[in-house]
Amino acid sequence: RARGVGRGRLASDAVIYGVDGLGDLSDLAVGGAAQRDGDDEADLAALLGRAGARERPAPTPGRTNPYVGLRAFDMADAAYFHGRERLVDTLADRVTGVVVSQRFTLLVGPSGCGKSSVVRAGLLSRMKSSAVGPRPWLVTVTRPTPTPVKELAESLRGISTGPASAVLDKFADEQASLADALEAVIGPDDRLLLVVDQLEDLFVLPDDRATAYLTSLAETVGAVPRFR
């Protein structure tokens, strides 16, 4: 029988019992990295002792837990993200293509099906490598907030390769266009992929603000060849 765990840590009722009645808890990690504070190896040894285990597994220092729980895989988790290679290939081919009408790509699927994971751990990781061209792409992620333009300005500030602060300040205050901001942020040989994650958050904004945001993105994608 197996029982639950408490608060992201190993707990005394987390022991899994075998048919012989002896405890067997040899490989259990729960929650995100921030939750797994303390010494799990010591907790495990104590639990197995209470369960009457005859032998305890040897400690495995430096082991990385590849499971991210309910959160999305991110670029830092790319080494553990597998199974969506064909979809990543399709997205990368579309993003790197020269067809103007395909510069704006919309990825749609049911909630929880893994859209953010395939984009962040799959597509963005590939675009940052040299596998899609002579030099890596610049990539950044933004999310529509009640002030989506300001949020986008902050995302662009994080990847700026030049003195773009003044232009981004104007863009954040809607006194400069997205095209102006991009010209200040990316160099003449750079290419930028912008991901708007959780695009559906726009639906809770006033219609005029959401429409202006989407129009700005679509028009800029069409006008700036190095922007996707």
Side-chain angles (χ1 to χ4, degrees), residues 72 74-75 87-109 115-228:
D74 214 329
M75 284 186 281
L87 178 55
V88 174
D89 288 344
T90 300
L91 291 172
D93 288 344
R94 183 181 178 96
V95 167
T96 58
V98 297
V99 181
V100 175
S101 62
Q102 293 185 355
R103 290 180 188 163
F104 189 102
T105 299
L106 186 64
L107 183 61
V108 180
K115 300 183 298 296
S116 293
S117 293
V118 78
V119 169
R120 291 172 177 262
L123 178 63
L124 294 189
S125 296
R126 182 175 301 185
M127 301 300 287
K128 287 189 69 176
S129 74
S130 59
V132 292
R135 57 184 296 169
W137 284 57
L138 298 174
V139 299
T140 190
V141 180
T142 189
R143 180 169 180 169
T145 64
T147 54
V149 175
K150 291 184 183 295
E151 183 71 19
L152 176 52
E154 288 305 308
S155 297
L156 294 175
R157 205 182 299 274
I159 59 163
S160 176
T161 60
S165 181
V167 176
L168 288 174
D169 288 342
K170 290 183 178 180
F171 172 64
D173 294 334
E174 301 185 34
Q175 297 177 357
S177 69
L178 177 55
D180 292 334
L182 292 178
E183 289 301 321
V185 167
I186 60 179
D189 298 321
D190 290 323
R191 298 169 297 174
L192 170 64
L193 173 60
L194 168 69
V195 171
V196 184
D197 201 3
Q198 308 298 320
L199 184 67
E200 64 272 20
D201 288 354
L202 282 174
F203 299 153
V204 302
L205 300 181
D207 288 347
D208 57 342
R209 191 181 306 171
T211 300
Y213 183 81
L214 287 174
T215 300
S216 175
L217 288 176
E219 290 180 347
T220 307
V221 163
V224 181
R226 295 174 291 126
F227 176 54
R228 302 288 193 274

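Just the heavy atoms: all of them, side chains too, but no hydrogens, waters or symmetry mates, feed the values below.
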* side chain to side chain contact (heavy atoms under 4.5 Å, CB included) between Val196 and Tyr213: does it pass, once the steps are laid out? -> CA-CA 11 Å; Val196 184; Tyr213 183 81; 4.0 Å; yes

* Structure fact -> Rounded to the nearest 0.5 angstrom, the CG-OG1 distance for Leu123 and Thr90 is 11.0 Å

* To do: Using the side chain to side chain contact (heavy atoms under 4.5 Å, CB included) rule, take Asp201 and Arg143 through it: C-alpha gap first, then chi angles, then the decisive distance, then the call.
  => CA-CA 8 Å; Asp201 288 354; Arg143 180 169 180 169; 2.9 Å; yes

* Any donor-acceptor N/O pair, Ser125 side chain to Ala121 backbone, under 3.5 Å -> yes

* Structure fact -> Between the CD1 atom in Ile159 and the OG1 atom in Thr140, the distance rounded to the nearest 0.5 Å is 5.0 Å

* **Lys115 (side chain) donor-acceptor with Gly109 (main chain) under 3.5 angstrom** => yes

* May I have the step-by-step check of side chain to side chain contact (heavy atoms under 4.5 Å, CB included) for Leu152 and Leu194, ending in yes or no? => CA-CA 9 Å; Leu152 176 52; Leu194 168 69; 3.7 Å; yes

* To do: First locate atom CG of Leu178, then atom CD of Glu183, and finally report the distance between them rounded to the nearest 0.5 Å.
  => 10.5 Å

* Asked: Would a distance-only check, ignoring hydrogens and angles, find a side-chain to backbone donor-acceptor pair under 3.5 Å from Ser160 to Leu156?
  -> no

* Structure fact -> For Ala153 and Phe171 the tightest heavy-atom approach is CB-CD2, 3.8 Å

* Asked: In Å, rounded to the nearest 0.5 Å, how long is the span from CZ of Arg120 to CE of Met75?
  -> 7.5 Å

* Structure fact -> Of all heavy-atom pairs linking Val167 and Ala176, the shortest is O-CB, 4.2 Å

* Between Asp197 and Val119, is any pair of side-chain heavy atoms under 4.5 Å apart? -> no

* Side chains of Trp137 and Thr96 in contact at under 4.5 Å (non-hydrogen atoms) -> yes

* For Asp173 and Lys150, which heavy atoms make the closest approach, and how far apart are they? -> OD1-NZ, 3.3 Å

* **Heavy-atom pair of closest approach, residues Val224 and Ala179** => CG2-CB, 4.3 Å

* Do the non-hydrogen side-chain atoms of Leu199 and Leu106 ever get within less than 4.5 Å of each other? -> yes

* Roughly how far, to the nearest 0.5 Å, is the CE atom of Met127 from the CZ atom of Arg191? -> 6.5 Å

* In sequence, state the C-alpha distance, the side-chain angles, and the governing distance for Lys128 and Leu138, and then conclude on side chain to side chain contact (heavy atoms under 4.5 Å, CB included). => CA-CA 7 Å; Lys128 287 189 69 176; Leu138 298 174; over 6 Å; no

* Structure fact -> CG of Leu193 to CZ of Arg126, rounded to nearest 0.5 Å, is 13.0 Å

* Judged by atom type as modelled, is there a donor-acceptor pair below 3.5 Å linking the side chain of Arg226 to the main-chain atoms of Gly187? -> yes

* Report yes if some heavy atom in the side chain of Leu217 is under 4.5 Å from a heavy atom in the side chain of Phe104; otherwise report no. => yes

